[in-house]
There are 2 protein chains.
Amino acid sequence: MSQGNDCVTIGAAQARACTVREALDRVGGKWSIGILVAAARGPVRFTELEREVEGISRRMLTLTLRNLERDGLLHRKVYPTVPPKVEYTATPMARELYDSLVALTDWAERHRLAISAARAAYDREHGVTDD
Amino acid sequence: MSQGNDCVTIGAAQARACTVREALDRVGGKWSIGILVAAARGPVRFTELEREVEGISRRMLTLTLRNLERDGLLHRKVYPTVPPKVEYTATPMARELYDSLVALTDWAERHRLAISAARAAYDREHGVTDD
DNA sequence: CCGAATCCCGAAGGATACTG
DNA sequence: CAGTATCCTTCGGGATTCGG
């Protein structure tokens with residue numbers, strides 16, 4: 001799925017960019033991060049996630065879980081009990097990923113205001129609300 | 001657009017996840033990173049970008065440039081010459097962003113093989129190509 | 001309780017022709 | 001050269017229903 005980039009068929013600097021995109025694609029979905037964060041704190045069940053990750057639909061929860069599991073970011077453990085019980089746990093690799101994302105969080109918090117200001121200035125100058 | 005999340009209306013851990021998403025949304029587009037990387041090395045012109053960022057269309061180049069400029073990540077300088085000349089430069093904020101992304105690059109490179117393996121294993125076990 | 005299957009919509013993105 | 005405008009396809013994701 002849209003995974004055509006090899007990061008090899010191009011040159012120098014753009015190859016680095018491609019590597020970044022590779023990483024971003026793992027968590028690019030709307031819900032990946034939320035699920036990852038919830039699962040990083042220990043085994044969590046399907047219905048728990050459904051409540052904790054606010055706003056997610058059953059469908060997207062399932063799909064995102066599958067993708068994360070497929071990439072080796074989540075471990076899925078099924079208890080073959082009468083009422084089914086499934087636990088999801090973040091793998092070490094996923095925890096490392098989240099640690100790397102903290103750098104981004106930091107950046108976002110440092111520049112949140114600057115970005116808002118830039119947007120406001122741009123919109124004012126280019127008459128989004130008026131002209 | 002699609003910027004409805006406030007990172008405030010929810011609780012604890014998910015708020016952190018939301019902050020991460022905020023940052024990711026700045027570079028979530030397919031071409032943002034490629035353009036940022038190219039522009040970080042100094043002023044670059046429209047047509048240069050069109051060649052350097054391989055595979056990008058005229059339309060997407062324009063759109064992504066506008067968004068990056070709006071967020072204050074790119075500076076756009078127009079030379080009112082007879083053949084139009086426009087230069088794009090990454091702002092300090094954008095360079096900082098790219099530095100933060102290095103952590104992600106690092107993660108991606110460390111786990112690239114593990115992820116591929118996980119995918120292969122998953123697909124084998126769940127019969128994507130065969131059953 | 002956990003999930004698969006189906007339908008549907010809007011946004012992202014590609015191709016191309018036109019313009020100052 | 002540096003875009004804009006238009007059309008069209010694809011994909012992410014929401015709502016809902018069915019099943020083990």
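Just so you know, these numbers come straight off a predicted model, no measurement behind them. Residue numbers begin at 1 in each chain, while the letters A, B, ... track the order of the sequences.
- Listed for the A:Thr91 side chain is a donor-acceptor partner under 3.5 Å among the backbone atoms of A:Gly72.
- The A:Val86 side chain lies nearest to C:dG3 when the options are C:dG3, D:dA5, D:dC1.
- Comparing atom distances between the A:Thr62 side chain and each of D:dT4, C:dA4, C:dG20 picks out C:dA4 as nearest.
- Taking atom CG of residue B:Leu74 and atom C1' of nucleotide D:dA2, one finds them 15 Å apart after rounding to whole Å.
- Between B:Leu63 atom CG and C:dG14 atom C1' the separation is 12 Å, expressed in whole Å.
- Considering only the side chain of B:Thr47, D:dA2 comes nearest among D:dA5, D:dG14, D:dA2.
- If A:Gly28 and B:Pro83 are placed on DNA chain D by their nearest nucleotide, the residue sitting closer to the 5' end is B:Pro83.
- Looking only at distances, a side-chain donor or acceptor of B:Arg21 sits under 3.5 Å from a matching main-chain atom of A:Gly28.
- Rounded to an integer number of Å, the gap from B:Asp25 CG to C:dA11 P is 15 Å.
- At whole-Å resolution of the value, NE2 in A:His126 and C1' in D:dT4 are 14 Å apart.
- The distance from atom CZ of B:Arg21 to atom P of D:dG12 is 13 Å, rounded to the nearest whole Å.
- Of the listed nucleotides (C:dC7, C:dG3, C:dG13), C:dG3 has the atom at the smallest distance from the side chain of A:Arg66.
- Using modelled atom types, one side-chain atom of B:Trp107 and one backbone atom of A:Met93 make a donor-acceptor pair closer than 3.5 Å.
- Straight-line distance from the CG atom of B:Leu61 to the C1' atom of D:dG3: 9 Å, rounded to whole Å.
- As a whole-Å value, the separation of A:Glu50 CD from C:dA4 C1' is 14 Å.
- Neither OP1 nor OP2 of D:dC1 sits under 4.0 Å from any side-chain N or O of B:Tyr88.
- With D:dT4, D:dG14, C:dG3 as the candidates, the nucleotide lying closest to the side chain of A:Arg76 is C:dG3.
- Residue A:Arg59 places no side-chain atom within donor-acceptor reach of the base of C:dG3, judged by atom type and a 3.5 Å distance cut-off alone.
- When only modelled atom types and interatomic distance are considered, B:Tyr79 and B:Arg45 share no side-chain donor-acceptor pair under 3.5 Å.
- With hydrogens and angles disregarded, a donor-acceptor distance shorter than 3.5 Å links the side chain of A:Arg95 to the backbone of A:Ala40.
- With D:dG14, C:dA4, D:dA2 as the choices, the nucleotide that has an atom nearest any side-chain atom of B:Phe46 turns out to be D:dA2.
- Rounded to whole Å, the distance from NZ on B:Lys30 to C1' on D:dG12 is 14 Å.
- Neither OP1 nor OP2 of C:dG14 sits under 4.0 Å from any side-chain N or O of B:Arg58.
- Of the residues near DNA chain D, B:Glu87 and A:Met60, the one whose nearest nucleotide (by heavy atom distance) lies more toward the 5' end is B:Glu87.
- When distances run from any side-chain atom of A:Pro84 to the nucleotides D:dA2, C:dG14, C:dC1, the shortest one goes to C:dC1.
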